[in-house]
Amino acid sequence: MDNKKLADLLFPDVKLTVEQIEKKYPKRKLKPGAEVTRFAPSPTGFMHLGGFFQVLIDYSIAKHSDGVFFLRIEDTDQKREVSGASAVIMDILTGYGFTPDEYELKGGVTVGEYGPYYQTERKEIYRAYAKKLVSEGKAFPCFCKKTDGLADVELKRQKNFAQGLLEEKDPCRNLSMEQIEQNIKEGKKFAIRIKSNGDGKRKIKFNDGSRGEIEILQNSKDAILLKNDSLPTYHFAHAIDDTLMGTTVVVRGEEWLPSYPLHAEIFEALGFKQPKYIHTPLIYKFNEKGNRRKLSKRKDPEMDMRYFEKEGYDKTAVVEYLLNLINSNFEIWRKNNPNADFREFPFDGFKITTVTPIFDFNKLNDISKDVISKLSAEQCYEYLLNWAKNYSIENVEYLEKQREYVTKVLNIDREKPKPRKDIYKWSMFFELFDYMFGAPKSFEIDESERKNYEKVLRNYKNYLVLTTKEDWFNNVKKMAGELGYATDNADFKKNPNKYLGNVAKVCEYIRIAITGRKNSPDLYEIMTLLGEKEVLRRICAIV
RNA sequence: GGCCCCGUGGUCAAGUGGUUAAGACACCGCCCUCUCACGGCGGUAUCAUGGGUUCGAAUCCCGUCGGGGUCACCA
């Protein structure tokens with residue numbers, strides 16, 4: 001077989017040589033130890049939580065080594081491409097503060113010298129390398145009928161499993177030059193497969209950045225390199241792009257672990273050196289049976305990063321939660337550095353989890369409460385307004401008009417040493433403080449308490465004083481005593497039957513009347529903000 | 001089915017041959033408190049399992065079990 005002739009037959013139009021290509025991608029001039037990382041999503045229309053997880057690691061590695069973090073869009077599966085998808089990804093990256101050093105906006109700017117950053121724009125590069133491999137006898141054309149879609153594949157697999165065999169070497173590798181010429185003449189489309197040297201028995205070793213040494217069976221499949229539309233598969237593109245673009249560390253999901261041997265063989269055929277790898281676990285959830293299951297696009301809205309924004313989660317909280325999931329050292333570090341930016345979290349000794357974590361909203365909420373409690377009322381207002389502009393438009397007008405009042409409401413139990421921590425997403429603000437913006441919800445008071453409740457309210461009209469917190473409370477206390485409630489907690493505990501209840505009970509009644517709830521922040525602050533007139537109005541509406 | 005990854009409380013986990021097996025979230029209780037919170041203190045609960053090696057195993061070795069991934073002209 002004349003491989004050179006075969007290569008020209010298959011790729012008559014490819015004139016670009018790999019030498020010419022490689023000249024355009026010189027080695028990056030970076031200081032020793034600098035790492036180059038990349039985020040390489042396919043544009044499917046959303047930003048995957050798992051992908052974002054990897055961005056955190058990519059960004060950290062690059063920043064802490066004075067390296068480069070770039071974005072490459074893997075749009076080689078044209079069936080799945082969703083328009084505008086890469087904009088969604090860029091929005092999330094920049095929105096969360098992980099703007100890549102190099103990227104390309106479709107129809108817009110390109111930042112960086114190692115582009116194009118869209119794989120479809122690199123088609124000629126892949127073809128040139130494919131031609132080279134064919135001319136060296138390391139790859140061959142395959143004219144078989146294309147298996148299309150998961151259903152086809154599933155069928156093929158089941159058949160193979162039933163027979164206890166897996167098709168390893170493709171029959172097309174034995175085609176004669178005459179047969180190939182005939183096929184080409186007939187206009188048959190072809191894919192390019194690697195001519196695997198593997199025997200399916202030998203093992204190879206490699207070092208995973210988070211799992212250590214892994215021993216795995218070498219590749220023995222004649223995998224597709226170039227599809228019959230001349231676009232590369234992930235495997236081929238990974239080898240070429242990450243080499244040309246100078247990637248030094250590849251962070252990817254653990255679903256890629258089994259294809260490592262294939263990648264090793266492709267790199268070898270191409271004469272390339274492989275980068276370092278870090279395989280990250282997928283993020284899971286429990287299914288109905290209590291087993292772990294992968295987060296799915298259809299069932300789990302939280303797998304799309306935009307979900308968190310929509311829900312009103314603070315971005316910092318989301319990042320901190322994920323950091324916490326990646327590496328529990330983060331939690332200790334955060335405890336010791338309560339006010340540091342999460343970007344300062346030292347990457348050295350970063351122990352990336354190898355366990356498939358379960359997404360835990362409890363923990364996210366807790367971290368979020370903490371983050372939000374540290375903000376000033378002014379910051380809260382800005383974040384809230386910003387969020388409302390995108391996801392709660394009906395509240396924007398009010399927020400803007402009543403800026404001062406809203407800020408004061410936000411400041412209740414805030415900006416003090418032990419701030420209140422009960423808001424974990426912006427949407428809760430409107431729910432939790434609804435009584436500050438309109439009439440309180442009606443509250444079903446228990447029939448047995450109704451009489452006492454109303455009596456307290458009727459009397460309180462004469463004891464309402466808002467001059468100072470002390471005066472306010474002394475008056476509540478005074479009234480409580482006169483109505484038969486305990487004003488001394490210790491005494492109340494000793495003789496609970498002597499009293500109708502304690503001051504706490506009286507406060508509860510007033511709180512219910514004012515807010516329509518049994519729990520709310522500091523009553524005095526609420527009443528002061530509402531104003532005497534409004535407070536009286538609310539009480540009078542009941543008795 | 002083959003190959004691979006993973007297995008410490010409900011969740012995230014510290015731990016690398018000798019620990020009363022940290023910590024955080026959640027849950028429960030108590031305390032603090034003028035109410036609601038915050039906070040403080042305490043509690044329930046974990047080394048998947050069997051066999052080795054060893055004076056001694058969560059830790060090393062082998063098997064088993066369980067969960068997950070992968071075996072596409074998808075990434």
Side-chain angles (χ1 to χ4, degrees), chain A residues 40-42 44 74-77 79-80 142 144-150 152-154 156-158 160-166 189-193 200 208 211 214-217 221 223-229 231-235 237-238 252-261 279 281-282 284 286 291-294 321 324-325 327-329 331-332 334-335 353-367 373 413 416-422 469-470 472-474 476-477 480 487 489 502-508 510-511 515 517-524 526:
Chain A
S42 49
T44 50
E74 311 223 324
D75 56 346
T76 55
D77 184 6
K79 286 192 298 293
R80 293 208 308 181
C142 170
C144 296
K145 187 173 166 283
K146 188 174 172 181
T147 51
D148 210 4
L150 243 190
D152 279 7
V153 174
E154 209 46 58
K156 179 182 160 199
R157 266 189 224 164
Q158 276 171 14
N160 286 342
F161 294 167
Q163 292 174 353
L165 60 90
L166 289 169
K189 284 184 155 189
F190 59 87
I192 299 294
R193 289 183 186 271
D208 177 273
R211 289 160 212 260
I214 291 174
E215 199 176 294
I216 189 166
L217 234 36
K221 291 195 178 192
I224 302 269
L225 265 19
L226 220 54
K227 300 183 270 187
N228 75 6
D229 59 4
L231 284 169
T233 55
Y234 166 87
H235 316 289
H238 156 52
R252 43 146 74 147
E254 67 178 349
E255 74 269 24
W256 291 111
L257 214 36
S259 55
Y260 174 85
H279 289 95
L282 278 7
Y284 285 79
F286 284 124
N291 292 331
R292 274 158 210 264
R293 65 145 239 264
K294 218 168 149 179
Y321 171 63
N324 192 67
L325 220 52
N327 174 10
S328 65
N329 283 6
E331 192 151 26
I332 297 161
R334 172 51 80 211
K335 201 176 170 187
T353 182
T354 53
V355 181
T356 53
I358 302 286
F359 195 90
D360 183 3
F361 273 100
N362 274 328
K363 188 72 179 179
L364 202 217
N365 291 164
D366 179 68
I367 290 175
S373 77
D413 283 344
K416 42 169 86 171
K418 287 176 183 172
R420 188 180 184 83
K421 296 181 181 177
D422 55 357
K469 194 166 179 179
E470 209 184 345
W472 166 77
F473 187 69
N474 283 335
V476 171
K477 221 165 153 180
T487 52
N489 211 24
N502 64 354
V503 181
K505 199 73 203 172
V506 174
C507 285
E508 184 186 298
I510 299 173
R511 169 171 276 116
T515 69
R517 303 166 178 269
K518 267 191 171 180
N519 60 332
S520 79
D522 191 287
L523 238 194
Y524 171 72
I526 286 173

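No experiment lies behind these values; they were computed from the predicted model shown. Just so we're on the same page: letters track the sequence lines, and every chain starts at 1.
Distances were taken from every side-chain heavy atom of A:Asn362 (C-beta onward) to each of B:C74, B:C25, B:C12; the shortest belongs to B:C25. You'll find that the side chain of A:Arg420 is closest to B:C36, out of B:C3, B:C36, B:C5. Of the candidates B:G68, B:C73, B:G1, B:C73 carries the atom nearest the A:Cys142 side chain, counting heavy atoms from C-beta on. When distances are taken from the side chain of A:Arg157 to each of B:C5, B:C34, B:A72, the shortest belongs to B:A72. You'll find that the side chain of A:Leu325 is closest to B:C12, out of B:C12, B:C74, B:C36. Here the side chain of A:Arg511 is nearest to one of B:G69, B:C6, B:C36, namely B:C36. Checking B:C71, B:U35, B:A75 against the side-chain heavy atoms of A:Lys221 singles out B:C71 as nearest. Listed nucleotides B:C12, B:C34, B:A75 differ in distance to A:Lys469; the shortest reach to its side chain belongs to B:C34. Taking every side-chain heavy atom of A:Lys418 into account, B:C38 is the closest of B:U35, B:C38, B:G68.
A:Thr353 comes within 4.0 angstrom of sugar-phosphate atoms only, judged by non-hydrogen atoms across all strands, and of no base. The residue A:Pro521 sits close to a base: some heavy atom pair falls under 4.0 Å. Using a 4.0 Å heavy-atom distance criterion, A:Glu154 is classed as making no nucleic acid contact. Residue contacts shown for A:Ala191 include a base, since a base heavy atom lies under 4.0 Å away. Residue A:Thr76 is classed as a sugar-phosphate contact, given heavy-atom separations below 4.0 Å to backbone atoms only. Using a 4.0 Å heavy-atom distance criterion, A:Ser520 is classed as a base contact. Within the 4.0 angstrom heavy-atom criterion, only backbone atoms of the sugar-phosphate kind lie near A:Arg211; the bases stay farther away. Among the protein residues, A:Leu150 comes within range of the nucleic acid bases, having at least one heavy atom under 4.0 Å from a base atom. Heavy atoms of A:Leu523 sit under 4.0 angstrom from at least one base atom. Among the heavy atoms of the strands lying under 4.0 Å from A:Asp522 is at least one base atom, whether or not backbone atoms are also near.
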Using a 3.5 Å limit on both pairing distances, list the dot-bracket string of RNA chain B from the 5' end; Watson-Crick and G-U wobble pairs count, crossing pairs take [ ], interstrand pairs take |. ((((((((.[[[..)..(....]]].(((((.......)))))....[[[[[..)....]]]]])))))))....
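Side chain A:Arg193 to base B:C73: no donor-acceptor pair is found below 3.5 Å.
Proximity of A:Lys421 to the phosphate of B:G39: a side-chain N or O atom is located under 4.0 Å from OP1 or OP2. Remark: A:Lys227 is in phosphate contact with B:A75, judged by side-chain N or O atoms under 4.0 Å from OP1 or OP2. Taking only side-chain nitrogens and oxygens, A:Thr147 comes nearer than 4.0 Å to OP1 or OP2 of B:C73.
Screening A:Pro521, A:Ser373, A:Pro419 for a side chain to side chain contact (heavy atoms under 4.5 Å, CB included) involving A:Asp413 leaves a single residue, A:Pro521.
The residue among A:Lys146 and A:Glu254 whose nearest nucleotide of RNA chain B lies closer to the 5′ end is A:Glu254.
Here B:A13 presents its P atom at 11 Å from CG of A:Asp360, a figure rounded to the nearest Å. Regarding A:Phe473, its CZ atom lies at a distance of 7 Å from the P atom of B:C34, rounded to whole Å. Atom CD in A:Glu470 sits about 16 Å away from atom C1' in B:U35, given to the nearest Å. The interatomic distance linking A:Asp229 (CG) with B:A72 (C1') rounds to 14 Å, in whole Å.
B:G29 and B:U70 have their P atoms separated by 44 Å, given to the nearest Å.
Using modelled atom types and a 3.5 Å distance limit, the side chains of A:Thr354 and A:Arg211 yield no donor-acceptor pair.
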Is there any protein nitrogen or oxygen under 3.5 Å from a nitrogen or oxygen in nucleotides 22-24 of chain B, and what are the pairs?
| from | atom 1 | to | atom 2 | distance (Å) |
| --- | --- | --- | --- | --- |
| B:A24 | O2' | A:Glu331 | OE2 | 2.6 |
| B:A24 | O2' | A:Lys363 | NZ | 2.3 |

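Using a 4.0 Å cut-off between charged side-chain N and carboxylate O, A:Lys505 and A:Glu508 make a salt bridge. Electrostatic pairing of A:Arg157 and A:Glu154 counts as a salt bridge here, judged by a charged N lying under 4.0 Å from a carboxylate O.
Checking side-chain atoms of A:Lys363 against main-chain N and O of A:Asn324 turns up no donor-acceptor pair under 3.5 Å.
Aromatic rings from A:Tyr321 and A:Phe359 are positioned such that their centres are separated by under 6.0 Å.
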